[in-house]
Every structure is written in structure tokens, then in C-alpha cells.
2 protein chains.
Amino acid sequence: MSTAAKGRPKSEEKKEAMLSAAADLFLENGYDGVSMDLVADRAGVSKQTVYSHFGNKDALFASCVTCKMEEYGLGPALLDHDLPAREGLSRIGQHFNALLLSPEAVRMKRLMCAHAESNPKLSELFYQAGPAMMKEIFADYLDRQVARGQLQIEDTALAARHFLYMIQGDAHMMALLNISEAPSAEETDRYVESCVELFMTVYGTKG
Amino acid sequence: MSTAAKGRPKSEEKKEAMLSAAADLFLENGYDGVSMDLVADRAGVSKQTVYSHFGNKDALFASCVTCKMEEYGLGPALLDHDLPAREGLSRIGQHFNALLLSPEAVRMKRLMCAHAESNPKLSELFYQAGPAMMKEIFADYLDRQVARGQLQIEDTALAARHFLYMIQGDAHMMALLNISEAPSAEETDRYVESCVELFMTVYGTKG
DNA sequence: ATCACACTAGACTGTCCAGTCTAGTTATTC
DNA sequence: GAATAACTAGACTGGACAGTCTAGTGTGAT
């Protein structure tokens with residue numbers, strides 16, 4: 001039963017170097033823009049080693065995505081349930097926005113869109129670990145605020161979508177499309193605040 | 001001055017066949033997934049003719065995008081300025097949503113995202129002719145409704161963003177990522193209506 | 001009729017790249 | 001120290017494909 005393990009074991013260190021190099025390259029240059037030779041080179045490893053660990057390019061790509069998704073999973077500690085709703089929403093909105101606009105997240109989304117047709121499993125993975133997860137976490141937050149009497153919402157899942165999708169707005173679209181004169185951080189902040197305002201008008205408790 | 005035009009002129013018909021074939025192929029298979037041989041074949045034309053009309057693959061791609069963008073430009077006739085605001089918004093929202101979810105629009109956006117880094121000119125073209133145009137048209141619509149006393153809005157450009165980006169929501173994200181169990185048409189309709197409702201709560205004139 | 005150019009069919013070049021193979025080296029276990 | 005398997009360096013195969021070239025055939029303007 002005990003794992004036999006005769007001979008030299010595969011190096012976990014090298015595996016990580018390969019994953020990290022490959023992820024960087026894929027995010028920067030896209031799937032087609034990266035050759036296995038380049039990955040091997042960048043990871044300081046021979047090509048054969050890449051194949052011995054991952055089998056083929058597709059599998060390497062999939063491993064990179066899975067790995068990145070696990071990294072992202074650790075992020076939802078930024079909810080402060082005890083703040084007044086308006087401040088809490090504002091903080092969440094700003095953080096969420098910053099996450100969406102980070103170069104890595106933007107590149108990841110581009111990559112997932114590009115291969116959604118040819119590789120729907122990966123884009124589904126991305127959707128579940130990203131947008132769907134965020135939606136769920138935020139809906140829970142809203143539930144708590146309703147319980148605290150800070151908000152008045154019938155369907156918190158629906159309200160969560162209203163808020164999260166509204167907040168993405170122009171800034172996200174422009175980042176995704178790499179538009180040159182993107183709105184400044186201040187403009188984006190102000191937009192987020194306007195969304196919070198709007199949300200509170202609709203879902204805030206009166207008085 | 002008059003265009004000299006000696007010899008046989010280039011066939012406009014063939015040019016259109018090439019553009020149409022290439023656009024279909026690019027939208028279906030992405031830039032890297034299409035070879036010039038395939039385009040020539042599909043257009044019923046020899047490869048040399050493709051090169052003689054477009055010079056190289058990049059230029060062909062650019063022509064396809066420009067062409068598609070011109071097609072899309074003709075769409076904003078669906079605004080009925082005389083309807084009550086609630087019905088008008090509902091209609092616009094539904095149309096806008098249907099447009100965003102059409103397979104062609106989804107593929108175009110994927111393509112533009114994928115090449116936003118390597119070809120920002122094209123994605124900018126897309127942004128201007130697509131989202132930016134829509135935003136402008138819709139803000140104008142809101143201005144009119146404010147003038148008619150149907151809505152009460154300080155900043156119509158801001159309100160337009162609120163509405164249009166909120167409305168995209170999950171359905172658009174899932175279409176882009178090719179998620180298998182997309183929401184049904186009824187669910188999406190209901191979501192759009194909920195956005196209209198929310199918008200009217202904030203920006204509708206009382207009583 | 002003739003010039004000029006578009007067009008065709010297909011061969012060809014050069015490059016890139018996924019994936020394999022080889023021969024030798026190094027680390028790990030028993 | 002012998003067996004085993006990971007690893008390296010680099011050559012190699014085979015296929016795809018952008019772009020060019022050639023030689024010949026339409027086709028429209030003057």
C-alpha cells in the first residue's frame with residue numbers, strides 16, 4: 001500500500017517553476033503565443049521535463065489555470081460585516097473593482113474568453129471560482145445586512161447581481177479591451193460610489 | 001486626376017466574398033485558427049487574390065472587423081421616444097440584451113478581448129462603435145425622457161452607465177465564457193425587468 | 001486588337017513548433 | 001553499489017502555415 005517510490009522522485013520545486021513560468025507566459029502572450037521550448041527555457045528546465053510532468057501543452061495550460069484559480073480562492077476576507085451598510089458596500093465595491101482591474105485578472109479573463117469555445121471546461125472553472133463565487137459571497141453578506149436591519153431586500157441573490165455587475169461598468173470593459181485613455185482611478189472611485197448610492201436608495205432601510 | 005483605371009478592375013464581388021468568408025471564419029475559429037488557404041478556399045478564390053486585395057493576414061483581419069462594425073452601426077432605430085419611460089426602458093433593455101447575447105456579438109467580443117493586447121487599434125474601434133456608441137445613444141434617450149418629465153436624472157451619462165452595465169449581468173458573462181447551463185430566456189427577461197424596476201425606483205418621477 | 005492588369009492553380013520557401021528520441025548524467029532507494 | 005527513474009542537451013520528425021513565385025488564362029478599357 002505504501003507508495004513504492006523506487007528511483008528518483010519528481011522534483012516538486014521544478015514543477016512549481018514550470019507552472020509559474022508557464023502561467024506568466026500564457027497570461028502575457030496567450031496560448032498560441034507560447035511555445036513549449038520557451039516554457040522550458042524560462043523555467044530553467046529541459047523540454048523533456050515539461051513533457052514528463054504535464055504530458056502535453058493543453059494539460060500544462062489547464063494546470064496553470066487551475067493553479068491560478070486556487071490562488072484567487074483565498075481572497076474573500078475583506079468583508080466587514082459590522083460596518084454600516086453604506087461603508088461596507090463602498091469598501092467591497094472598491095476592492096472588487098480593484099481586483100477586476102488588476103492586470104492579471106484582466107489577462108486571465110481575456111484568456112478565458114478567447115478559449116471559451118475550444119475549452120469550455122476551463123472557462124467554467126474560471127466562472128465558478130471567480131464571478132459565481134463572488135456573487136455567492138456577496139449575497140451572503142447582503143443576507144447578514146438584512147438580518148441586521150441595515151438593508152431591506154427581498155431577493156438578495158438578485159440584488160447581488162445588480163450591484164456586482166453594475167459596478168464593473170466602463171472601467172472593466174475598457175481594461176478588457178485595452179483602451180488607451182482609461183478612466184482615472186478617481187473617476188472609477190466616483191463611479192463605484194455612485195453605484196453604492198443608487199443601491200442604498202433602492203435597498204437601504206428608510207430613516 | 002480621374003482614376004486612371006487601365007486594365008481589368010478588381011472584382012468588388014470577389015472582395016465581398018473574401019471578406020464575408022474571412023469574417024465568418026475568424027468569428028468561428030479565432031485569428032490563429034484560420035489559414036489564408038482556408039479563406040481563399042471558402043471564398044472560392046485563389047490565395048494570390050486574397051493577397052492582392054488585402055496584402056497580408058493582419059490587414060484582412062482588420063478589414064473584417066471594420067466591415068462588421070459598419071454593419072452594427074445601423075442598429076439604433078429601436079428607440080421609441082414617445083412610449084412611457086418604463087415601457088421604453090423595458091424595450092430598450094430587452095433589445096440591448098438580445099443583441100449582447102447573439103452568437104455573433106459574443107464571438108466578436110471574445111475575439112476583440114483576445115487580441116486587445118496585440119492589436120489595441122481594433123479593440124478601440126470595437127469599443128467606439130459598440131459600447132461607447134450605445135452609451136451615447138442611450139444617454140440621449142434619457143435626456144429626452146428627462147425633458148418630457150418622465151424621468152428625473154442629474155447626470156444622464158452616469159445613469160446610462162448604471163443601466164447598461166447592470167443589464168448585462170450574468171447572462172452576458174456566461175455567454176462570453178460559454179457556460180453550459182445558461183439562464184433561460186425567461187430568466188434573463190425577468191432579470192432585465194428587475195433592472196428597469198430598480199432604475200425607475202431611483203430615477204422615475206414620483207406620482 | 002492590344003495593353004494592362006486581375007485572376008487561377010499549384011509548387012515552393014522559410015519558419016515555427018508540438019512532440020519524440022537518444023545518449024549521457026544525477027539523484028534516490030534498498 | 002546496483003537498480004531505478006528523473007533530468008539535461010540537443011538532434012530530429014512531421015505538419016502547419018504565411019507569404020512568394022511562376023506560368024498561364026480571363027477580362028475590361030482604349
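Note on naming: letters A, B, ... go to the chains in the order of the sequence lines (proteins, then strands), and numbering restarts at 1 for each one.
DNA chain C is contacted by A:Val34, A:Ser35, A:Met36, A:Lys47, A:Gln48, A:Tyr51 of residues 29-53 of chain A, taking any non-hydrogen atom closer than 4.0 Å. Across residues 110-121 of chain B, not one residue has a non-hydrogen atom less than 4.0 Å from an atom of DNA chain D.
Listed by chain and number, the residues in a side chain to side chain donor-acceptor pair (under 3.5 Å) with B:Gln48 amount to none (sequence neighbours excluded). Under the ring-ring contact (aromatic ring centres under 6.0 Å, His included) criterion, A:Tyr51 pairs with no residue, sequence neighbours left out. The side chain to side chain contact (heavy atoms under 4.5 Å, CB included) search around A:Arg8 returns none, not counting sequence neighbours.
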Could you pull out every donor-acceptor pair under 3.5 Å between side chains of residues 9-16 of chain B and any protein atom, sequence neighbours left out?
from    : atom 1 : to      : atom 2 : distance (Å)
B:Lys10 : NZ     : B:Ser52 : O      : 2.7
B:Ser11 : OG     : B:Glu13 : N      : 3.3
B:Ser11 : OG     : B:Lys14 : N      : 2.9

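Without hydrogens or angle criteria, B:Arg144 side chain to B:Asp82 main chain gives no donor-acceptor distance under 3.5 Å. Checking side-chain atoms of B:Asp80 against main-chain N and O of B:Gly88 turns up no donor-acceptor pair under 3.5 Å.
Using a 3.5 Å distance cut-off with no hydrogens or angles, the side chains of B:Asp170 and B:Tyr191 do not pair a donor with an acceptor. Looking only at atom types and distance, the side chain of B:Tyr203 has no donor-acceptor partner in the side chain of B:Gln150 under 3.5 Å away.
To the nearest angstrom, C1' of D:dC7 lies 5 Å from CZ of A:Arg8. Counting to the nearest Å, the C1' atom of C:dC16 and the NZ atom of A:Lys57 are 11 Å from each other. As rounded to whole Å, 10 Å separates atom P of C:dC7 from atom CD of B:Glu12.
Look at A:Lys10 and you won't find any side-chain N or O under 4.0 angstrom from OP1 or OP2 of C:dT26. Between A:Lys14 and the phosphate of D:dT8, there is a side-chain N or O to OP1/OP2 separation shorter than 4.0 Å.
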